[in-house]
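First comes the structure, then the notes that go with it.
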Amino acid sequence: MLIKRPADIRSSEITDKKLYLNRREFIRAAGVTGVAAAAGAIGAEALVEAKGAAHGRKLANIKKSPLSVSNEKINSWEDITSYNNYYEFGTDKDGPEQYARDFKTQPWKVSIEGECAKKGVMDLEDVLKGETLEERVYRHRCVEAWSMVIPWAGFPLSNLIKRCEPTSKAKYIEFTTAYDQRQMIGVRVPVLNWPYKEGLRMDEAMHPLTILVAGLYDEVLPNQDGAPLRLAVPWKYGFKHIKSIVKVKFVEKQPLNTWQEQASNEYGFYANVNPSVDHPRWSQATERRIGEFFRRKTLLFNGYGDQVASLYAGMDLRKNY
Ligand SMILES: Nc1nc2c(c(=O)[nH]1)N[C@H]1C(S)=C(S)[C@@H](COP(=O)(O)O)O[C@H]1N2
Ligand SMILES: [Mo]
């Protein structure tokens, strides 16, 4: 059964009304075929069981991280794998679960480019080689004002950065998501300027809280959550957490990220969670934790201020949103 939480259908939570296609329009525009399309076209979502991802391969030897948040209830596997933003697989929250199911994440290559000594194409296995995956329970705060608590399995992005040996000109990193018209039905619709891109300043990228994620709970990362490799930067809004990364490029100038390119008055480069800087079309003061009824107050830097506020000392966070 598909669980429709009443607040999920509030139009203010839909990312952008201009961009939003309803299910029927999306199915038509993307030319989706098969059972999912049949179910979608007649609005009978129940035909496609939305139970969250099937359980995948178990990951061994995951160590617990002291950087996890404690004393907060972790969202269920079902919540985390059935309520997703991943526009390459459609703009509905329950779309990625269906449409990303057969996305091929093996073999997978990550291209290392730009201002670094070790340029080249790495196999995913080499990216992961020598890394111990840690369970990092992180708060996730989407710009659409919902949130979750997610037990990622990942390793510090700084480890990969060091292996790439960035030059002194490397001030930022630009990440790029896979783009595959054949497998990603969402990219057939020009809702965003594909491929999806994101960026971090080098000190943000090197911060111990910034991780590359390869698992969820103690299992391989499900496709709808960005398999096989996605970013988690817990003090920033969800859109910074780029999925299915195929390119890491060291650059001198601040790169443009996809949402900023889409609407720069609404989405900035920094995108630090900030309850006092509203999105132009809605308040950012509170959030709805998936699975809870009452809204809760959003915390500055998503509650990670002690660890990250110093990165932005002296910066005007109203201008640098
Ligand atoms: N490539 C890509 N990455 C993406 C997105 C996307 O549409 N495409 N959506 C972002 C947004 S807005 C959020 S909130 C998170 C959601 O991650 P989750 O589905 O694993 O919870 O992924 C982010 N990463
Ligand atoms: Mo988001």
Side-chain angles (χ1 to χ4, degrees), residues 8 12-16 19-20 26 52-53 74-100 103 105 136 138-154 174-180 183-187 189-200 211-217 219-234 236-247 257-263 266-268 271-273 279 282 284 287-291 298 302:
D8 292 352
S12 69
E13 294 200 356
I14 292 165
T15 303
D16 186 324
L19 299 178
Y20 177 76
F26 173 75
I74 300 176
N75 279 91
S76 67
W77 174 268
E78 182 187 291
D79 284 342
I80 301 166
T81 63
S82 66
Y83 190 88
N84 300 98
N85 266 345
Y86 197 169
Y87 277 25
E88 285 84 341
F89 296 101
T91 53
D92 285 325
K93 301 281 185 277
D94 59 353
E97 175 188 7
Q98 296 170 38
Y99 305 127
F103 182 56
T105 58
R136 299 278 192 112
Y138 278 177
R139 291 182 210 100
H140 178 96
R141 186 4 173 119
C142 179
V143 76
E144 295 164 277
W146 53 268
S147 66
M148 292 200 209
V149 177
I150 306 178
W152 298 124
E174 182 188 74
F175 302 88
T176 307
T177 295
Y179 171 80
D180 183 343
Q183 296 194 77
M184 297 171 142
I185 55 161
V187 304
V189 187
V191 285
L192 292 173
N193 187 12
W194 313 110
Y196 195 99
K197 287 193 174 138
E198 256 309 331
L200 292 174
I211 55 172
L212 282 169
V213 171
L216 173 66
Y217 280 94
E219 297 181 30
V220 172
L221 191 64
N223 288 348
Q224 57 267 52
D225 291 282
L229 196 68
R230 61 88 62 80
L231 198 64
V233 202
K236 293 180 180 285
Y237 288 119
F239 67 86
K240 298 295 289 183
H241 302 217
I242 185 170
K243 296 179 167 179
S244 305
I245 296 167
V246 293
K247 196 203 283 188
N257 48 309
T258 295
W259 278 103
Q260 187 186 13
E261 194 175 48
Q262 188 69 39
E266 303 190 2
Y267 311 99
N272 292 322
V273 174
H279 185 281
W282 58 79
Q284 292 293 16
E287 65 198 53
R288 192 175 58 79
R289 182 68 51 84
I290 299 300
T298 288
N302 205 22

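Both counts, for ligands and for their atoms, begin at 1 and track the order of listing. In what follows, every heavy atom counts, from backbone to side chain, and hydrogens, waters and symmetry copies are set aside.
Centroid-to-centroid, the aromatic rings of Trp259 and Tyr237 stay 6.0 Å apart or farther.
Asn302 contributes no side-chain N or O that, together with a main-chain N or O of Val273, makes up a donor-acceptor pair within less than 3.5 Å.
Comment: Arg139 does not engage Glu287 in a salt bridge, judged by the lack of any side-chain N to carboxylate O separation of less than 4.0 angstrom.
Contact residues for ligand 1 (protein heavy atom closer than 4.0 angstrom to any ligand atom): Asn84, Asn85, Tyr86, Tyr87, Glu88, His140, Cys142, Trp146, Trp152, Thr177, Tyr196, Asp225, Arg230, Gly238, Phe239, His241, Ile242, Lys243.
Between His140 and His241, the ring planes lie perpendicular to each other; the angle is over 60°, past the 30° to 60° tilted range. Ring pair Tyr86/Phe89 is perpendicular by interplanar angle, where above 60° counts as perpendicular and below 30° as parallel.
Considering only residues two or more places apart in sequence or on other chains, Lys247 meets the salt bridge (Lys or Arg N to Asp or Glu O under 4.0 Å) condition with Glu113.
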